[in-house]
Student: 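There's a structure below that I have some questions on.
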Amino acid sequence: MEHDGNGWVQCGLGHRHWGRFGAAGLLLHRSADGAGTLILMQHRAVWTANGGTWGIPGGARDSHESAAQAALREAGEEAGVRSEDVAVTGEFADDHGAGWGYTTVLARLVRPFVLVPQEESEELRWVPVGEVDGLPLHPGFALSWPELRVRLEHAA
Ligand SMILES: [Zn+2]
């Protein structure tokens, strides 16, 4: 399938974003004994946009994709996540205006899988929710993390 979402656009807030039809990311969570809730985080390779920061797997949405389809496809490409191993629990849309938005798709891990970092990922790690703020975060993820954390507490 052709990726017609690839390209830079300007949103209503004046940012430049990758993704002509918006973008989506997968916030994958699981509970661990004694560690509370863990989320899957990606250390972005230095050559990517906002390289070197930590965020969640995700990327440009294609015109024919729902946010969940895009998030799961990107998480598959970047982290080896298989859609049959996760259950979508919700979505959080961050609308930047002028037709651009970033949708975070929340999903629970229902079957363990082996993390397979692909070329856009320097490292993949399950991070306890309480330790996320201690990482150098991708600026977009950092802005939405407080709200996402609240959603996670309700989804867990
Ligand atoms: Zn924006």
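By convention here, the first residue in the shown sequence is residue 1. Worth saying up front: this structure is predicted, and the values here are computed from it rather than measured. Remember, it's 1-based here, ligands and their atoms both numbered in the order they're listed.
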Student: Considering all heavy atoms of both residues, which atom of Pro146 and which atom of Ala142 are nearest to each other, and what is their separation?
Tutor: CD-O, 3.4 Å
Student: Do you see a donor-acceptor pair shorter than 3.5 Å between the side chains of Asp4 and Ser63?
Tutor: yes
Student: Near the Zn ion (ligand 1), which protein N/O/S atoms are found at less than 2.8 Å?
Tutor: Cys11 SG, His15 ND1, His17 NE2, His96 ND1
Student: Counting C-beta onward and ignoring hydrogens, is there a side-chain heavy-atom pair between Val105 and Leu27 closer than 4.5 Å?
Tutor: no
Student: Below 4.0 angstrom, N of the basic side chain to O of the carboxylate: do Arg73 and Glu65 qualify?
Tutor: yes
Student: Does the side chain of Val86 come within less than 4.5 Å of Leu28's, by heavy atoms?
Tutor: yes
Student: Are the side chains of Thr37 and Trp126 in contact, using a 4.5 Å heavy-atom criterion?
Tutor: no
